[in-house]
Amino acid sequence: MAKKLVIVESPAKAKTISKYLGSDFEVLASVGHIRDLAEPKELPADKKKGPLGKFSIDVDNDFEPFYTISAGKSKTVSELKSALKGAEELYLATDEDREGEAIAWHLLEVLKPKVPVHRMVFNEITKDAIQEAVSNTRSINDNLVEAQETRRVVDRLVGYEISPVLWRKINRGLSAGRVQSPAMRMIVERERERMAFTEASYSSITAQLQEDSVEFEAKLSSIAGEKLAGSKSFDESGNLVQKVRVLAPAEAEALAASLVGASLEVMSVEAKPTTRKPYAPFTTSTLQQEASRKLGMSAKQAMDTAQQLYQEGYITYMRTDSPNLSQQAISASISAAKELFGADSVHDSPRLYGAKSKNAQEAHEAIRPSGESFKHPSELASLLHGRSLALYELIWRRTVASQMADAKLSTTTAKFSITHQGEELEFSASGTTVLFKGFLAAYDETSDTKEPEAKLPKLDVGQKLTAKEVLPKNHSTQPPARYTEASLVKALEEQGIGRPSTYAAIISTIISKGYVVKRGNALVPEWISFTVTRFLEQNFGNLVDYEFTAKMENDLDRIALGELDRSGWLKNFYFGDEGLQAVVNSLGESDPRAINTFELAEGIALRTGKFGPYLEVMENDERRIVNIPEALTPDELTLKRLRS
DNA sequence: CAGTGAGCGAGCTTCCGCTTGACTT
């Protein structure tokens, strides 16, 4: 009979840990949070009318929260309660981060244990680490719990204070939040840049050369000492930002034609050695990015597939912000690399990686194959298939590569010259060769890009080559690309907005609220998000500021250290002179027409009314209403406008 | 008398982060 009850967050983790602890211990899972702020509409009738009614937080009484057992969690809670009845000790082994500490505290509050309680923490799941953790327990860190509660309260205050403002001023059902609103704003800002972008055109000339049966291309780089324009020569308004020569299409065509059969002399050949380091092992964010780039998976698909691999015991936990590997994982990577790629493929000392995100909490390891020695993907070919196998292999490769040697490359640049029609023309060609593969043997970044890296033949200064073919090409500068799921997750992580468990959910939120649509891989803002973003920028600049979360995190850290007081901080945030409540109260009457109107161009305004978007066009002092299909997106409308 | 309309009150929408498994497509 088990005498000691251990509670962790994840059932899969419970199963593993149970093996390491023996029959004295019963290991159960809380399955995430068990309690949360009540929904105001579900408050008991007497509380609904009182100060709790708006937020389930008593803002006048030190922001005292009103918690309830989360929907669907009463069964888990009663199972935990009955397990506790037979136990002599309780170990709270939730994750060692802010949320985990809070879960432990909520468990205490709900279970009210009468036996000794220990807070047990570990950040890798190995027999040694677990046994060490069970004999080195501490007590709950109340400051850390307060920091979590502050985070939770801020999110409720922001979301439930500002969303109703949007209902009143713009349209029913809209939402705003600390995380979703900056995410939406990023997408809107990118679209604004695209709408304002003016393309510039320029032409280039490429000569096809051959030596030693190696064909390669050389590009015209300058004419009479003047450099030719490239994509970086123009700004977003299409203006030149460098002193360069811009070839017009006709000019390029004539010049190219006259160069066919010309003889180019090699002026210089320079080889530059470069090294490349392997990438850090996967975190949630980088896994989502690479699963998208290499396997074409959405953030949700990547997470669902990883979850399945985790639950079946193939990989470690998939929601993590730490790229750190345990000692055991480092050894496993090194031995896999040595066995498959040779002893010299391994870096001479273990490589350590630190989190790059400023708000990382690092409660878990990096995402890697589980176990003390990694199963090669081919061993799992009969057990896994399709997406699962592909994702496992990606994780396996990334992990093994992270302990391998730098790749050594050499980039050779050759310059050619010719005097043509009285002017000195310079061409240049470059090629890269891999001198030593190193980690590239396991994780080749370039293998999936379409064009293989160009190679150059051996060339000597003074040597002359004949241009067999000379081709002109017209180019135009491109507006900044729209965010994809993967690039948005990357940007959010860089700003410290959102957490590994929510990256995929943030995207679903702004899509399901109708703010953003996915077209192919691109995230495209709907008109309503222009309106909402502009409104938030004007009235709640603080909230949509990308720095907001980072600043909040800073203060939460100080609360966790006991340097700052929870209720004082919240009081200032909500009741301060420039606090949330003051801002909302000072909004006053605003012209709903103005808020809903987005000036597209002189005399053409877009309005996002309750019945969908439409255009108001002023023609000869007459107002004309033009309905537009809701599916239409900003850039399409711009094009359409130009056509009509 | 029947139809209209002003005025009022009630109910609905909403946040982020931690988990999995039960749903539907």
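- Note on ring orientation: taking the six-membered ring where Trp is involved, the planes of A/H364 and A/Y317 are tilted (angle from 30° to 60°).
- Residue A/Q311 is classed as a sugar-phosphate contact, given heavy-atom separations below 4.0 Å to backbone atoms only.
- Nucleic acid contact class of A/V158 (heavy atoms, under 4.0 Å, all strands): none.
- Base contact: A/R151 has a heavy atom under 4.0 Å from a base atom.
- Counting to the nearest Å, the P atom of B/dT20 and the CG atom of A/L80 are 14 Å from each other.
- At a cut-off of 3.5 angstrom, counting only N and O atoms as typed in the model, there is a donor on one side and an acceptor on the other between the side-chain of A/E39 and the base of B/dC15.
- A/R190 and A/Y483 form a side-chain donor-acceptor contact under 3.5 Å, judged by distance and modelled atom types alone.
- Across all strands shown, A/R156 has heavy atoms under 4.0 Å from base atoms, whether or not it also approaches the sugar-phosphate.
- Atom C1' of nucleotide B/dT13 and atom CZ of A/F55 are separated by 15 Å, given to the nearest angstrom.
- Under the 30°/60° scheme for interplanar angles, the aromatic rings of A/F63 and A/F575 are found to be tilted.
- Here A/L174 lies in heavy-atom contact (under 4.0 Å) with sugar-phosphate atoms only.
- Put simply, CE on A/M184 is 11 Å from P on B/dC16, counting in whole angstrom units.
- Among the protein residues, A/K513 comes within range of the sugar-phosphate backbone only, with heavy atoms under 4.0 Å from sugar or phosphate atoms but none that close to a base.
- Closest to the side chain of A/V179, out of B/dT20, B/dC16, B/dT19, is B/dC16.
- A/Y503 comes within 4.0 angstrom of no nucleic acid atom, judged by non-hydrogen atoms across all strands.
- Residue-nucleotide stacking is present for A/W167 and B/dT13, judged by a side-chain ring centre under 5.5 Å from the six-membered base ring centre and planes under 30° apart.
- One interatomic measurement links the two molecules: CD1 of A/I162 to C1' of B/dC16, which rounds to 14 Å at whole-angstrom precision.
- At a threshold of 4.0 angstrom between heavy atoms, the contacts of A/A176 are confined to the sugar-phosphate backbone, with no base atom among them.
- Heavy atoms of A/P11 sit under 4.0 angstrom from primed sugar atoms or phosphate atoms, though from no base atom.
- Here the P atom of nucleotide B/dC18 and the CG atom of A/L107 are 15 Å apart, to the nearest Å.
- With rounding to whole Å, A/D36 atom CG is found 10 Å from B/dC18 atom C1'.
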